[in-house]
Undergrad: 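What follows is a single structure, and I will ask about it in a moment.
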Amino acid sequence: MARSRQLFSSQDSSMSPPPGRSREWEGPSRWTEYLGPQMTPPMTYRSSRNAGPDGQVQSSGGSQKGLNMKSVVQLNEVAEGLMAKMYRLNQILDYPDPVGHVFTEAFWKAGVFPNYPKLCILLSKKFPEHFSKLQLERVDKVALDALHDSVELHLQSLEPWVQLLLDLMAFREQALRLILDLSSTVITLLPHQNSLILHAFMDLFCSFVRVNLFSEKIPRKMVLQIYNLLHAMSSNDRDCDFYHRLVQFIDSYDPPLKGLQEDLNFVSPRIGEVLEAVGPVIFLSTDTRKLRNEGFLSPYHPRYPDILTNSAHPMRAQDLANVTSYREWVLFGYLVCPDELLRVTSIDIAMVVLKENLVLTIFRDEYILLHEDYQLYVLPRILESKKMAKSGRTKQKEADLEYSVAKQVEKMISEVHEQAFVSCDAIHRERRILLKQEIGRMVLFFTDQPSLLAPNIQMVFSALAFAQSEVIWYFQHVGIASSKSKAARTVPVDIDQSDPTIGFLLDGIDRLCCLVRKYIAAIRGYALSYLSSCAGRIRFLLGTPGMVALDLDSGLKGLLQQIVQHLENIPKPQGENISAITCDLSDFRKDWLTILMIVTSSRSNINIRHLEKATVSTGKEGLLSEGNAAYNWSRCVDELESQLSKHGSLKKLYFYHQHLTAVFRNTMFGPEGRPQHCCAWLGVASSFPECTSPIVPEEVTKIGRDAVLYVESLIESIMGGLEGLINILDSEGGFGALENQLLPEQAASYINYTSRLSNPSTKSPKLSAGYALPGHESYPENDSSIKMLEAAMQRLTNLCSVLNDMEPICVLNHVFVLREYMRECILGNFRRRLLAVLKTDNDLQRPSILESLIRRHISIVHLAEQHISMDLTQGIREVLLTEAFSGPVSSLHLFEKVTEQPTGSAAESVCNWYIENIIKDVSGAGILFAPIHKCFKSTRPVGGYFADSVADLRELQAFVRIFGGYGVDRLDHLLKEHTAALLNCIDTSLRSNREVLEAVAGSLHSGDRIEREASMKQVVDLDTVIEFCVQAGLALAFDGLLAEAAGAVLEEGAPLIYSLLAEVVKHVPDEIPEKKEIRRLKGVANSVGVVCDHDSQWVRSVLEEVGGANDGSWSLLPYLFATFMASNVWNTTAFNVETGGFNNNINCLARCISAVIAGSEFVRLERERQQRRSFSNGHVDETLDSEIQSRLSAEASIKSTLQLFVKFSAGIILDSWSETNRSHLVAQVIFLDQLCEISPYLPRSSLELHIPYAILRSIYSQYYMNNPSTLLALLNVSPRHSPAVSLSHASPVIRQGRGDSTPQYLTNDSGYFKSASSSYSQEHIYDNDSGNFRGNENKHRNVRRSGPLDYSSSRKVKHGEGSTSGSTGPSPLPRFAVSRSGPIAYK
């Protein structure tokens, strides 16, 4: 034992006494650990007071009273420390139930007690029996043996808690001694005469009761019994020195209320006097009507508003600041002094307070069930008094009164629990509403009249204390389970967690405290002025005849003179330097307390009554009243912040911070929630660290962490509410409802229905089809949605404004700036909404709808941005850029992409969707490209829409506006990757079929049909290669649409840049090989559709990137393409008049053939030129000329290759025709015509050399004659045209090439130019669905609009040999006429 105590002493010498327990150890100096360095021990205080430099305190009485007052304050501090230790022990032991002997698993694993429950619980239950009488060997022999083996370890773990029991015992002795001393020596303890000493005395009284009530919640018996057992094991069965004293102490306080009632019986009459004296203030605090009507918490007189200073009830209003303490005095006082309830007036005081409370807080969030303890420990005493009074009725006359009072008290205690259970919440809710109104008025008044804040500062403290009490009461009772008096089961108290008054009270407290801090200099100045004037009044009172007549001893007289000196030495506030004045009035307050202790002592020859009689005869305030007022105002000079903290701090809410969070979430965004309350809810956390006790240092970390988590949780809720408000507005029921537009069928229904309405005064706002009539929003029953929108907008703007103006929240070393959180919240929500609306339930959202949703959300963000001093627009741009960025734009940026740089998930997902579902058609929706409409169509929906709803020019423009150049570049890159793979397949086919293709080429040139057919049959995987080429053409068509959309958006948003690109690209030198800068410039121009030949340039860039077309087999490319004419694909190919394409996308094959032939020729020639340049000897001029010539030769080579392909293809087509097999002929002829239409290098005359145009005209006539929709569009073109008008197909015209690069075919034929003027308008007849979105390809180069041939279904057109058409106007067929029997007849 000696060694274990020595080990413990080395850790904390203040917690254990030396072995020989001296009297000094039990004296005041033992509390050094609890008091800390800032509070001087009492002995030191007494010696310093006696040996002070002034030498004023010479009498033993004065010094003794000073000692007692200091001891009172210190013992209150000791009580706080003791309870903090007990609270920590309860936390460590997982809140055990020592009374019911219920202990959790965590209790035994905490390391305080040995983990032998059976043995430990037995020792606790058998307390106070000694362990030697319990035959522990029979209970748990194994546990006893284990304890013997580790006795020292267990002793060390129990040592601090045994010391705690010793401290509790010593505190009981000293506190009782001091309470008895004060109770027996202080003359008066009435609040209006001696409030300062009264509060100190009652604080000590309540602390004494709290400590002993709390001690029941720790396993005192088990600590002592186990410790003594271990001590005996280590000390030859000898008990520890203090064992029997602690047994007696614990037993006498088991239960604690029993010991408290016995110990405090001697002060019971004084307590009863005090409680009776504070009764009127308690009654006033419960009378909300009187408080409101008479303006106790109003700075101006309620009946005379013009009187700005309310002096009707100054002292009573000031006393309301102490009403919380008064209520606690009543509850604790009558609980431990039950006999005082038999006073006549006590029953009303007790009933008022008991009816308002269900629990009595002991320390922090530890409490006792109030009414249960009153029934268990107070009611029996009352019944005993009633029985004694009843038996003494015939002997004493007063016995009847005592019996009657006891009976009333019995009834009150029995019934008040039920009343409290039913009405306590309603009582406090009414009080909270009163405080909400009064504090709201007070804030407005003092904001408008700040000069009146200082004179009414005590009233402000009263309002703060009142509100503080109500808020803490609310959270103390949330989640409490109380057992009704007439039922054994516990019932949870019904406290409304969505009570909005809590937010108003927190906000009112916060704003009042801010006002006080704002005008702290004015308050100090007012207090200094008051104290200066008070010095003169006190000096006057000391010189009155009554005071002169009193025989004051030198000590008291010196103290009074010193008080005057203190007040006269106060600096005078002058001008604007009040805030710079430093004044410490603590010595003044100490001296005044010393005087009070002397004059209120029954041992002093001059007491309080003498002083009052000597000074009150002047007709003014007495000496003590002046001194007490000066004491209170002095605290407004140098202790204003502590006063504000005492009355306005909500640090105790830390222990209810989980309920705090729940109530905040239930009220903040409710119908009565106010955004401005956020500041108060968050500001509460700043005071949480003040709850820490210096005696338990580990609390600092835990409470600080919890405070930070609380703030983060509230910020999360606030930001969640902010997101919710934005999302409410950004919903179909929000701003979306304002964007609703009628569908065409809805508009038609409106028109038809309103035209049929015979009664214009109909009251029905509904249509038969279910649509509302225009103006239905004006009906009162339909304006709720508009009101909801207005409320949401108002709340959003208010919340943004409040959060923007909120000061940073500081919790320990954490600083929370709400403005930054708000910015991150809004931008994060925008990003989440962007990603959420990308996809619908079925599939990709239409880009146009996505764009409108984004714009709607951005408009809401702009609405919020008006109230935020931050640039949210820049943040929105950053989010969009982040979601669109997928690496540097290939034609614009030279930097390399960082490997860890994340790509834009939004743009990536949209681009991948287009590649998978439109280009690759993985869902098998039958994607077709419609050249006339410039869009993609599908036979069934791709996800939620048909292809033309997501892949036309309008939708792609929306895509470009959303994702900008990065999105375009990413989609272009994916298209190039896909096309590169397809071109690789063509390359593979060329290599694998090289010999066969050479044989085909030879047979084509020689005209050997049999050999040609035999060779073509040997081409491997011909249909597969055709399918790949069709896919490549589809990708080319999509990229062409994308480039056109990008160009339209660029022209709209940056017309100068667009026009610059369009003009520059016309004048850049055409040289092969191209310089890197020119290639990049052309790449940019090609991506926005201002290059005349988009497809070939695009294929050229693809081949250059992958190094394609580098083999001699590519010279066989036209022969491979010519063999496509012999494929079986044509047997199922049909032309579609509606789309201008084929049913299996063969029209994309023409696009692929044209682009691949042109692109491969450019790549081949560029490679040849580079090889020649490497062998050049520096002849720059010659090289430049040759490069210009090479461009012309490249175009000529492309033209010749394409003409070769057309020639051989036409030959294969016509050779394969027969009467039995001609189904493929029409599709193939139209295909070749479309190839000439698509390719800028292939004039129409190339086809006319091989297939007469009359055949094409006849074919087109047959198609369009059977298409009524086209005919309807045709007939409506112009009212001047006859229905029988004969329409002509635009005949081939000469393309306007550069210089002489394009051969001029048949230039002497003026007929080419005659029809050119009408070619554009004729094309529009067949392009009735494309709207204004005509291709830039046709816009920026003079191409022939060949289109289908004209037809007339109204009458037959007669043609004579050598004659023109019989239609009116210029002849549509200037070069040839159709003969019924023969070939074309030329003029």
Undergrad: More than 12 non-hydrogen atoms from neighbouring residues, nucleotides or ligands closer than 6.0 Å to CD on Glu716, yes or no?
TA: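 At most 12 heavy atoms, drawn from other residues, nucleotides or ligands, come within 6.0 Å of this atom.
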Undergrad: Determine the minimum heavy-atom distance between Ala175 and Leu75, stating which atoms define it.
TA: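 Here Ala175 and Leu75 meet closest at CA-CD1, 4.0 Å.
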Undergrad: May I have the step-by-step check of side-chain contact (heavy atoms from CB on, under 4.5 Å) for Val78 and Leu35, ending in yes or no?
TA: CA-CA 6 Å; Val78 171; Leu35 299 177; 3.9 Å; yes
Undergrad: Can you see which heavy atom on Leu812 is nearest to which on Val700, and at what distance?
TA: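 Heavy atoms of Leu812 and Val700 come nearest at CD1-O, 4.4 Å.
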Undergrad: Below 4.5 Å, heavy atoms only, C-beta onward: do Val471 and Ser469 meet side chain to side chain?
TA: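 No, too far: nothing below the 4.5 Å cut-off.
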Undergrad: Walk me through it: do Phe107 and Phe113 pass the test ring pair (Phe, Tyr, Trp, His ring centres under 6.0 Å)?
TA: CA-CA 8 Å; Phe107 176 90; Phe113 295 98; 5.2 Å; yes
Undergrad: Go through the structure and list residues passing salt bridge (charged side-chain N to carboxylate O under 4.0 Å, His left out) with Asp373, not counting sequence neighbours.
TA: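 With neighbours one apart ignored, the set is empty.
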Undergrad: Using modelled atom types and a 3.5 Å cut-off, is there a donor and acceptor pairing between side-chain atoms of His371 and backbone atoms of Leu358?
TA: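 Looks like no, no N/O pair under 3.5 Å.
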Undergrad: Are the side chains of Asp263 and Ile179 in touch, meaning some heavy atoms are under 4.5 Å apart?
TA: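 Asp263 vs Ile179: side chains apart.
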Undergrad: If we ignore angles and hydrogens, is there a donor and acceptor under 3.5 Å between the side chains of Asp365 and Tyr654?
TA: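 There is no such pair (donor and acceptor under 3.5 Å, judged by atom type) between the side chains of Asp365 and Tyr654.
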Undergrad: Would you please classify the geometry between the Trp31 ring and the Tyr34 ring as parallel, tilted or perpendicular, with 30° and 60° separating the classes?
TA: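 Answer is perpendicular, since the angle exceeds 60°.
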Undergrad: Is any side-chain heavy atom of Tyr253 closer than 4.5 Å to a side-chain heavy atom of Leu168?
TA: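 A side-chain contact under 4.5 Å is absent here.
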Undergrad: Looking at every heavy atom in both Pro219 and Pro98, which two are closest together, and how far apart are they?
TA: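 Shortest heavy-atom separation between Pro219 and Pro98 comes out as N-CG, 3.7 Å.
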Undergrad: Under 4.5 Å between any side-chain heavy atoms of Tyr87 and Ser693, yes or no?
TA: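 They are not in contact (no side-chain heavy atoms under 4.5 Å apart), so the answer is no.
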Undergrad: Roughly how far, to the nearest 0.5 Å, is the CG atom of Leu165 from the CG atom of Leu82?
TA: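 Those atoms lie 10.5 Å apart.
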Undergrad: What distance separates Glu415 CD from Glu410 CD, expressed to the nearest 0.5 Å?
TA: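 So the gap between those two atoms works out to 10.0 Å.
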Undergrad: How many angstroms lie between atom CZ of Arg210 and atom CE of Met86, to the nearest 0.5 angstrom?
TA: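 Those atoms lie 12.0 Å apart.
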Undergrad: Can you give me every donor-acceptor pair (side chain of residues 125-132, partner residue at least two apart or in another chain, under 3.5 Å) with its distance?
TA:
| unit_1 | atom_1 | unit_2 | atom_2 | d |
| --- | --- | --- | --- | --- |
| His130 | ND1 | Ser132 | N | 3.1 |
| His130 | ND1 | Ser132 | OG | 2.9 |
| His130 | NE2 | Asp239 | OD1 | 2.8 |
| His130 | NE2 | Asp239 | OD2 | 3.1 |

Undergrad: Just verifying a value: how many Å separate Ile703 CD1 and Lys651 NZ, rounded to the nearest 0.5 Å?
TA: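 Going from CD1 on Ile703 over to NZ on Lys651, the span is 10.0 Å.
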Undergrad: Can you tell me if Glu159 and Tyr227 form a side-chain donor-acceptor pair at under 3.5 Å?
TA: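 Distance-only check passes for Glu159 and Tyr227.
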Undergrad: Might you work through the side-chain contact (heavy atoms from CB on, under 4.5 Å) test for Phe816 and Glu712, ending with a clear yes or no?
TA: CA-CA 9 Å; Phe816 299 91; Glu712 290 176 347; 3.9 Å; yes
Undergrad: Do the rings of Trp473 and His477 sit parallel, tilted or perpendicular, given the 30° and 60° boundaries?
TA: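 Rings of Trp473 and His477: parallel, as their planes differ by under 30°.
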Undergrad: Tell me whether Asp706 is salt-bridged to Lys702, with the criterion being a basic N under 4.0 Å from an acidic carboxylate O.
TA: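 Here Asp706 pairs with Lys702 in a salt bridge, since their nearest N and O are under 4.0 Å apart.
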Undergrad: On a heavy-atom basis, which atom in Gln476 and which in Tyr656 lie closest, and how many Å separate them?
TA: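 Residues Gln476 and Tyr656, closest heavy atoms: CG-OH, 3.1 Å.
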Undergrad: Does the side-chain contact (heavy atoms from CB on, under 4.5 Å) test come out yes or no for Glu262 and Ser252, once each step is laid out?
TA: CA-CA 9 Å; Glu262 292 177 359; Ser252 64; 5.7 Å; no
Undergrad: The test is side-chain contact (heavy atoms from CB on, under 4.5 Å); show your working for Val112 and Val223 and say whether it passes.
TA: CA-CA 9 Å; Val112 176; Val223 169; 5.7 Å; no
Undergrad: Within a radius of less than 6.0 Å around NZ of Lys386, do more than 12 heavy atoms belonging to other residues, nucleotides or ligands occur?
TA: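 More than 12 within 6.0 Å, yes.
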Undergrad: Can you give each donor-acceptor pair under 3.5 Å made by side-chain atoms of residues 200-208, sequence neighbours left out, with the distance rounded to 0.1 Å?
TA:
| unit_1 | atom_1 | unit_2 | atom_2 | d |
| --- | --- | --- | --- | --- |
| Ser207 | OG | Asn76 | OD1 | 3.0 |
| Ser207 | OG | Asp203 | O | 2.8 |

Undergrad: Tell me, please, whether Phe249 has Arg172 positioned over its six-membered ring: NZ or CZ under 6.0 Å from the ring centre and within 45 degrees of its axis?
TA: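 Not flagged: Arg172 not positioned over aromatic ring of Phe249.
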Undergrad: By the side chain to side chain donor-acceptor pair (under 3.5 Å) test, which pairs, at least two apart or in different chains, include something from residues 88-97?
TA: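 Every side chain to side chain donor-acceptor pair (under 3.5 Å) pair that includes a residue of residues 88-97, provided the two are not neighbours, is Arg88-Gln91, Arg88-Glu698, Asp94-Thr104.
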Undergrad: Give the minimum heavy-atom separation between Arg270 and Ser183, together with the two atoms involved.
TA: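 Closest approach of Arg270 to Ser183: NH1-O, 2.6 Å.
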Undergrad: Parallel, tilted or perpendicular for His657 and Phe688, by the 30°/60° rule?
TA: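 His657 vs Phe688 ring planes: tilted.
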Undergrad: Mind checking what makes ring pair (Phe, Tyr, Trp, His ring centres under 6.0 Å) contact with Phe171, not counting sequence neighbours?
TA: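 Partners of Phe171 by the ring pair (Phe, Tyr, Trp, His ring centres under 6.0 Å) criterion come out as none, since no residue qualifies.
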Undergrad: Work out which heavy atom in Val663 is nearest to a heavy atom in Phe475; give both atom names and the distance.
TA: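 Shortest heavy-atom separation between Val663 and Phe475 comes out as CG2-CE2, 3.7 Å.
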Undergrad: Going from CG on Leu260 to CG on Asn265, what distance comes out if it is rounded to the nearest 0.5 angstrom?
TA: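 Spacing of CG (Leu260) from CG (Asn265) equals 12.0 Å.
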Undergrad: Who pairs with Lys141 by salt bridge (charged side-chain N to carboxylate O under 4.0 Å, His left out), at least two apart in sequence or on another chain?
TA: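 Listed in chain order: Asp145.
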Undergrad: Which class fits the ring pair Trp681 and Phe664: parallel under 30°, tilted 30 to 60°, perpendicular over 60°?
TA: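 It falls in the perpendicular class, over 60°.
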Undergrad: Rounded to the nearest 0.5 Å, what separates atom CD in Gln225 from atom CD1 in Ile121?
TA: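 Gln225 atom CD to Ile121 atom CD1 measures 14.0 Å (nearest 0.5 Å).
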Undergrad: With no hydrogens and no angle check, do the side chains of Tyr377 and Glu372 hold a donor and an acceptor under 3.5 Å apart?
TA: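 On atom types as modelled, these side chains do not qualify, holding no pair under 3.5 Å.
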